[in-house]
Amino acid sequence: VKCKRAMTGDETGGEEVQKREAHQGPSTSADLEVLQVREEDGPAGEDLGVSEEDLYRGAEELPQGPVKHAGPEPLLEITLPKVEDRCSLEPMVDIMSYSEREWKGNTAKSTLIRKGYTELSQRFGSLRRVRGDNYCALRATLFQVLSTSTQLPDWLQDEHISTWLEELESLIGQWMFPSECRQREGSEDAAQQLKRYMELLQNRWQAAVGCSSAEERQRLCERVFQGGEEELGLLEALKLLMLGRAVELHTTMQEGGDVPVFCWLLYARDSSDCPRSFLSNHLSQVGFSGGLEQVEMFLLGYALQCTIQVYRLYMAHTEEFVTYFPDDHKEDWPCVCLVTEDDRHYNVPVGQPNGLQVPEDLNAS
């Protein structure tokens, strides 16, 4: 499996749009608010070219260059969405309809991606697009974990959290937090802030497990994934879990114990030869200047003790179309499913197949 970094915001086109939209929090009002902006106001009017849908696009999907507006209007109205409309995942859309709309061309890549969606539609009926920033792999995975969990894992108990934080204290003093994740007034340091987010993860996971139905868990996730401190704090907690597992596996390697193959790849990089350099050069950048590389997807799976099954659409009709992160616990760990068109941005497949007939041109090999 080739290792690629998920550069969807800062290293590709649409940089300003991504910076402006990537960590945008939910509206604080539950009511629609209409703002009137006159065209001569300048920058405010120019920003209207960034649509709500852009929140869920990777940089390669965003329009390049200045946005062209329709004919001049003396007065423009902006409608701010309700809180529940700010979810970091778009509503469900039929997979085949999405494929036909987004990949209309006749290029080899378009044809291949459509074939990938056709295969995906044999198992799932719908797709939810995930907010297109450098947290997308973590966000999509956690959304699937919380929306499908029926049991709180043993490793997420209180004593494990306290033990891990004590062991990692020397590494996390300079932890980078997104602007939405502010320290509380007083003497809260990075370790205490991360402990608070770990406790939040435990509480939200327990709440998901306690839901009486899959529909109730979905409603819980809709409230959690609103792009503000709660959501981003949970994603930072996932990064902390990854660091803890990376330290544990590195210690085992140094002691000559058996470790998964991906560990040798993780620490074979010049920029990641120990947990400290892994944190400073890779993990701390996730959510800011880059996403997870594929070798780090294995680590995420180990951190959660969950198999992440990824449908890689551009690898349709090959043995790597479906990849497991990791692939050595498929029988004994719970499994969640993601989908990617490019190993950089991840979306969430949901629902049962709708039974629509597959177009003949996509059945052709």
Side-chain angles (χ1 to χ4, degrees), residues 6 8 51-62 85 87-133 135-148 214-215 217-219 221-222 225 291 294 297 306-325 330 334-365:
T8 61
S51 70
E52 181 71 15
E53 185 178 5
D54 289 343
L55 287 170
Y56 309 93
R57 295 182 181 273
E60 67 280 357
E61 299 178 84
L62 293 171
D85 294 334
C87 183
S88 293
L89 288 86
E90 280 189 353
M92 293 186 298
V93 60
D94 176 75
I95 284 179
M96 293 306 298
S97 298
Y98 176 82
S99 172
E100 292 167 6
R101 183 180 76 234
E102 298 294 325
W103 295 92
K104 296 178 181 179
N106 294 319
T107 64
K109 181 177 180 180
S110 294
T111 301
L112 183 62
I113 296 295
R114 288 200 303 270
K115 287 181 178 179
Y117 274 118
T118 300
E119 291 192 43
L120 181 67
S121 70
Q122 305 308 302
R123 178 172 177 188
F124 299 97
S126 302
L127 185 78
R128 296 194 67 172
R129 290 176 61 176
V130 177
R131 185 187 294 262
D133 61 14
Y135 279 111
C136 71
L138 295 174
R139 177 180 291 114
T141 300
L142 183 60
F143 182 90
Q144 288 290 65
V145 166
L146 293 183
S147 62
T148 60
E215 291 75 17
R217 281 193 295 274
Q218 287 292 327
R219 289 193 293 271
C221 290
E222 297 292 327
F225 288 85
Q294 285 201 330
M297 290 290 288
C306 173
T307 298
I308 305 169
Q309 182 185 37
V310 179
Y311 288 81
R312 305 165 71 201
L313 302 182
Y314 77 100
M315 299 296 290
H317 295 252
T318 74
E319 293 181 354
E320 296 185 46
F321 175 61
V322 179
T323 302
Y324 297 89
F325 303 97
K330 291 185 286 186
C335 180
V336 297
C337 295
L338 308 181
V339 58
T340 182
E341 298 173 350
D342 54 13
D343 285 342
R344 295 182 296 176
H345 182 75
Y346 295 85
N347 290 320
V348 171
V350 294
Q352 298 298 316
N354 55 26
L356 292 178
Q357 184 176 359
V358 176
E360 292 184 3
D361 62 323
L362 295 181
N363 272 327
S365 59

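Just so you know, residue 1 is the first one in the sequence shown, and it goes up from there.
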### Query
Roughly how far, to the nearest 0.5 Å, is CZ of Arg139 from CG of Leu338?
12.5 Å
### Message
Side chains of Ile113 and Glu102, heavy atoms from C-beta outward: is any pair under 4.5 Å?
### Response
no
### Task
May I have the step-by-step check of side-chain contact (heavy atoms from CB on, under 4.5 Å) for Phe225 and Leu146, ending in yes or no?
CA-CA 11 Å; Phe225 288 85; Leu146 293 183; 4.2 Å; yes
### Task
Considering non-hydrogen atoms only, spot the tightest contact between Lys115 and Ala316 and give its length.
C-CB, 4.4 Å
### Any donor-acceptor pair under 3.5 Å from Gln122 side chain to Thr118 backbone
yes
### Task
Kindly indicate whether the side chain of Phe143, heavy atoms from C-beta on, has any atom under 4.5 Å from the side chain of Ser88.
no
### Query
Can you name the closest pair of heavy atoms from Ile95 and Ser121 and give their distance?
CG2-CB, 4.1 Å
#### Entry: Derivation of the side-chain contact (heavy atoms from CB on, under 4.5 Å) call for Met315 and Leu112
CA-CA 8 Å; Met315 299 296 290; Leu112 183 62; over 6 Å; no
### Task
In sequence, state the C-alpha distance, the side-chain angles, and the governing distance for Phe325 and Thr307, and then conclude on side-chain contact (heavy atoms from CB on, under 4.5 Å).
CA-CA 6 Å; Phe325 303 97; Thr307 298; over 6 Å; no
### Query
Of Asp343, Asp342, Thr340, which meets side-chain hydrogen bond (donor to acceptor under 3.5 Å, both in side chains) against Tyr314?
Asp343
### Query
Roughly how far apart are Leu142 CG and Tyr135 OH, rounded to 0.5 Å?
12.5 Å
### Task
Dump the intermediate steps for side-chain hydrogen bond (donor to acceptor under 3.5 Å, both in side chains) on Ser110 and Thr107, then the final yes or no.
CA-CA 5 Å; Ser110 294; Thr107 64; 3.0 Å; yes
### Task
Evaluate the side-chain proximity of Glu90 to Arg128: yes if any heavy-atom separation is below 4.5 Å, no if none is.
no
### Listed partners of Thr318 passing side chain to side chain donor-acceptor pair (under 3.5 Å), at least two apart
none
### Donor-acceptor pair, side chain of Asn347 and main chain of Val130, under 3.5 angstrom
yes
### With Gln309 via side chain to side chain donor-acceptor pair (under 3.5 Å) - residues at least two apart
Arg123, Tyr324
### Rounded distance [0.5 Å steps], OG1 in Thr148 versus CZ in Arg217
7.5 Å
#### Entry: Tyr117 vs Glu341, side-chain hydrogen bond (donor to acceptor under 3.5 Å, both in side chains): CA-CA, chis, key distance, verdict
CA-CA 9 Å; Tyr117 274 118; Glu341 298 173 350; 2.5 Å; yes
### Task
Any chance you could lay out the salt bridge (charged side-chain N to carboxylate O under 4.0 Å, His left out) test for Arg312 and Glu320, step after step, and finish with the verdict?
CA-CA 7 Å; Arg312 305 165 71 201; Glu320 296 185 46; 3.1 Å; yes
#### Entry: For Gly105 against Arg114, the heavy-atom pair lying closest together
O-NH1, 2.7 Å
### Query
So, do Val336 and Cys306 sit near enough that their side-chain heavy atoms are less than 4.5 Å apart?
yes
### Query
Any side-chain heavy atom of Arg129 sitting closer than 4.5 Å to one from His345?
no
### Identified side-chain contact (heavy atoms from CB on, under 4.5 Å) partner of Leu127 from the options Val348, Val339, Val350
Val339
### Task
Let me see the working for Tyr346 and Gln144 under side-chain contact (heavy atoms from CB on, under 4.5 Å), right down to the final yes or no.
CA-CA 12 Å; Tyr346 295 85; Gln144 288 290 65; over 6 Å; no
